[in-house]
Every structure is written in structure tokens, then in C-alpha cells.
Amino acid sequence: MKEKELRRSLAVLPMGTVMKLTSLTARQIRYYEAQGLITPERSDGNRRLYSLNDVDRLLEIRDYLADGVNIAGIKAIYDQQNAATMAKQSAQQQPLTDEDVRRILQDEFIRQGGLGHPNSGIQRPF
DNA sequence: ATTCTTACA
DNA sequence: TGTAAGAA
């Protein structure tokens, strides 16, 4: 990857900074980590260190939550993205297959607000 | 002064 | 999710 991404991946931000950058409480930030939505690094005395990517992800999480997507839904979204990324690595240079197209379209639909609320369970628009 | 963990009259 | 308590 490019150095630009390496910089975004550098974990150097302490909790206090991330709190201000995301408008989230320490409680919430730690909870999302416990749910596996983010994986900050640790340093010196067991203090969490976040990268700019972590901050971006927290902002996304905050927005999804604001739109009524629950933790499970957000996890599903990231799982989808991981799967999509993995698929691309496997497909490396080959042209887009119809499978790729369908996956991309599904990711897009999910991004625009498809998953349900905590009580209604995961919605299935298909 | 900050952050961490754990727990809940 | 908030907040308190004790440690680091």
C-alpha cells in the first residue's frame, strides 16, 4: 500500500482526542471496540491508540447508529466489505464477473440504509 | 491530568 | 449508556 494509507493507519491518537473528533463518549468508543467494530492498538500503560482510519470508522458507526442501524447491522456491513475486498484480491486482474457486480450493488444498497432496528431484526429487502 | 477496568443504591 | 471507584 501507499505511504498515505500507512499514515492513516498509524495509531497515535489518545482517547481524549478521538472523543473530540467523533463526538462520542469514551464509554461508547470502548463499547464499539468490545463489539469488534474497531481494533485500536495499545501502548505504554495499556492506553488505547487510534489511527485516523479508526476515527473515520467511528464516524461511520456514529452515523449508522444515528440512522437506526444496530451493532449487528454495522457488523454485517463491514463483513460484507471484507468479503468484497477479499473477493477482489482473489479476482486480482480478471475482468468484473456478474457475481462481482451483484455484490457491489448489494453493498451499495446496504450503505444507503437497509438494515433494520434492534427490535425489528435484520430486514431483507430482497 | 488522563485513561483503564469493573460493576451497578 | 451513564457514572462511580480504584489503579496505573
Side-chain angles (χ1 to χ4, degrees):
Chain A
M1 46 175 87
K2 303 175 292 297
E3 70 170 73
K4 187 174 184 180
E5 323 207 324
L6 285 175
R7 290 182 195 261
R8 295 185 68 65
S9 299
L10 278 187
V12 295
L13 285 23
M15 179 58 94
T17 301
V18 178
M19 287 175 68
K20 291 178 180 177
L21 259 30
T22 64
S23 300
L24 290 169
T25 64
R27 181 80 164 90
Q28 294 174 305
I29 296 172
R30 297 191 190 110
Y31 176 66
Y32 303 150
E33 175 185 349
Q35 299 311 299
L37 267 36
I38 51 175
T39 53
E41 289 174 22
R42 296 280 184 148
S43 109
D44 25 357
N46 195 40
R47 279 171 160 51
R48 271 168 261 252
L49 289 181
Y50 301 84
S51 69
L52 294 176
N53 282 324
D54 290 327
V55 173
D56 284 341
R57 169 160 288 196
L58 284 169
L59 290 172
E60 281 184 26
I61 293 172
R62 191 207 57 180
D63 292 341
Y64 280 133
L65 257 25
D67 285 330
V69 181
N70 59 198
I71 302 296
I74 297 175
K75 280 183 184 173
I77 292 172
Y78 290 145
D79 284 352
Q80 285 277 335
Q81 296 188 335
N82 282 352
T85 298
M86 292 294 272
K88 279 202 171 184
Q89 296 186 331
S90 300
Q92 285 194 328
Q93 275 212 319
Q94 276 105 53
L96 253 57
T97 69
D98 55 323
E99 234 274 57
D100 292 328
V101 178
R102 117 176 332 190
R103 191 192 64 257
I104 292 173
L105 289 177
Q106 176 157 314
D107 286 1
E108 193 46 49
F109 125 77
I110 290 178
R111 266 194 167 301
Q112 293 169 14
L115 296 174
H117 291 215
N119 44 48
S120 62
I122 296 183
Q123 301 301 303
R124 333 208 67 213
F126 284 9

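Quick note on labels: first sequence line is chain A, next is B, and so on, each numbered from 1.
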For [X] and [N], give me the distance from atom [atom1] to atom [atom2], rounded to whole Å.
| X | N | atom1 | atom2 | value |
| --- | --- | --- | --- | --- |
| Lys20(A) | dA1(B) | NZ | P | 14 Å |
| Arg42(A) | dC4(B) | CZ | P | 6 Å |
| Ile29(A) | dT2(B) | CD1 | C1' | 14 Å |
| Met19(A) | dT3(B) | CE | P | 8 Å |
| Gln28(A) | dT3(B) | CD | P | 16 Å |
| Leu37(A) | dT1(C) | CG | P | 11 Å |
| Asn46(A) | dA7(C) | CG | C1' | 12 Å |
| Asp44(A) | dA7(C) | CG | C1' | 15 Å |

Strictly under 3.5 Å: I want the nitrogen or oxygen pairs between protein and nucleotides 3-6 of chain C, one per line.
residue	atom	partner	partner atom	Å
dT3(C)	O4	Arg27(A)	NE	3.2

Please step through side chain to side chain contact (heavy atoms under 4.5 Å, CB included) for the pair Met15(A) and Arg30(A), ending with a clear verdict.
CA-CA 9 Å; Met15(A) 179 58 94; Arg30(A) 297 191 190 110; 3.7 Å; yes
Carboxylate-amine/guanidinium contact Lys2(A) Glu5(A), below 4.0 Å:
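Judged by the 4.0 Å cut-off on N to carboxylate O distance, Lys2(A) and Glu5(A) do form a salt bridge.
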Decide, yes or no, whether a salt bridge links Asp100(A) with Arg103(A) under the criterion of side-chain N to carboxylate O below 4.0 Å.
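A salt bridge is present here (some side-chain N lies under 4.0 Å from a carboxylate O).
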Respond yes when some side-chain nitrogen or oxygen of Thr25(A) is under 4.0 Å from OP1 or OP2 of dG2(C), and no when none is.
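Yes, Thr25(A) has a side-chain N/O under 4.0 Å of OP1/OP2 on dG2(C).
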For dT3(B) and Tyr50(A) - does any side-chain N or O of the residue sit under 4.0 Å from the phosphate oxygens OP1/OP2?
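No, Tyr50(A) has no side-chain N/O under 4.0 Å of OP1/OP2 on dT3(B).
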State whether the number of non-hydrogen atoms from other residues, nucleotides or ligands found under 6.0 Å of Arg42(A) atom CZ is greater than 12.
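Yes, because the 6.0 Å sphere around CZ of Arg42(A) holds more than 12 heavy atoms from other groups.
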Quick check on DNA chain C: between Leu65(A) and Arg47(A), whose nearest nucleotide comes earlier from the 5' end?
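Result of the comparison: Leu65(A).
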Name the residue from Val18(A), Asp54(A), Leu37(A) that meets the side chain to side chain contact (heavy atoms under 4.5 Å, CB included) definition with Ile29(A).
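That would be Val18(A); it is the only one of Val18(A), Asp54(A), Leu37(A) passing the side chain to side chain contact (heavy atoms under 4.5 Å, CB included) with Ile29(A).
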Aromatic Tyr78(A) / basic Arg57(A) pairing, under 6.0 angstrom, 45° off normal:
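Satisfied, under 6.0 Å and within 45°.
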Taking any heavy-atom pair under 4.0 Å as a contact, classify Gly45(A): base, sugar-phosphate, or nothing.
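Nothing, no nucleic acid heavy atom in range.
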Could you walk me through whether Leu10(A) and Ser51(A) pass side chain to side chain contact (heavy atoms under 4.5 Å, CB included), step by step?
CA-CA 5 Å; Leu10(A) 278 187; Ser51(A) 69; 5.6 Å; no
Give none if dA9(B) has no partner; otherwise give the nucleotide forming a Watson-Crick or G-U wobble pair with it, both distances under 3.5 Å.
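Paired with no nucleotide.
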